[in-house]
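Encoded as structure tokens, the structure appears first; notes follow it.
Source: prediction; values computed, not measured.
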Amino acid sequence: MRVYKKEKLEEIYCNKCGRKINVENEIVKEGVLSVDYKWGYFSNKDGMMHSFDLCEECYNFMVKDFIYPVSEKEYTELI
């Protein structure tokens, strides 16, 4: 969950565990998965957008039981 003040990112909280994610001067200082998903045709949520944030620990917990593991690929340019 993202909190903005005067259109500037102030805080992020993990939607699952509620832990506050470290943000300084609008820069996220730790791993967080941010999802903005627009549901489309053929879903029960057609026309809806869902947004949430997960801390790295909650993300790891979520994906550990996937039948097909998350695809991983290394990259060298970190933004």
Side chains of residues 42-49: which donor-acceptor partners sit under 3.5 Å, not counting sequence neighbours?
{"residue": "S43", "atom": "OG", "partner": "G40", "partner atom": "O", "Å": "3.0"}
{"residue": "S43", "atom": "OG", "partner": "K45", "partner atom": "N", "Å": "3.1"}
{"residue": "S43", "atom": "OG", "partner": "D46", "partner atom": "N", "Å": "3.2"}

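Nearest approach of C55 to C14, heavy atoms of both residues: N-SG, 3.3 Å. Nearest heavy atoms, E11 versus L9: O-CD1, 3.7 Å. Closest of all the heavy-atom pairs between S51 and D36 is OG-OD1, 2.6 Å.
Taking CD1 from I21 and CD from E56, the interatomic distance works out to 9.5 Å, rounded to the nearest 0.5 Å. The CG atom of L54 sits 13.5 Å away from atom CE of M1, with the distance rounded to the nearest 0.5 Å. The distance from the CD atom of E7 to the CD atom of E26 is 10.0 Å, given to the nearest 0.5 Å.
In the displayed structure, E57 atom CD is contacted under 6.0 Å by at most 12 heavy atoms of other residues, nucleotides or ligands.
When hydrophobic clusters are built by joining Ile, Leu, Val, Met, Phe, Trp and Tyr residues whose side-chain heavy atoms come closer than 4.5 Å, directly or via intermediates, F52 is grouped together with V70. Under a hydrophobic-cluster definition in which Ile, Leu, Val, Met, Phe, Trp and Tyr are linked whenever side-chain heavy atoms come within less than 4.5 Å, directly or via other members, V35 and V28 are assigned to different clusters. Clustering ILVMFWY residues whenever any of their side-chain heavy atoms sit less than 4.5 angstrom apart, transitively, puts Y37 in the very cluster that holds L33. The same ILVMFWY cluster, assembled from side-chain heavy atoms under 4.5 Å apart, contains both Y59 and F66.
Between the side chains of R2 and S34, at least one donor N or O sits under 3.5 Å from an acceptor N or O.
Side-chain atoms of D53 do not come within 3.5 Å of backbone N or O of Y13 as any donor-acceptor pair.
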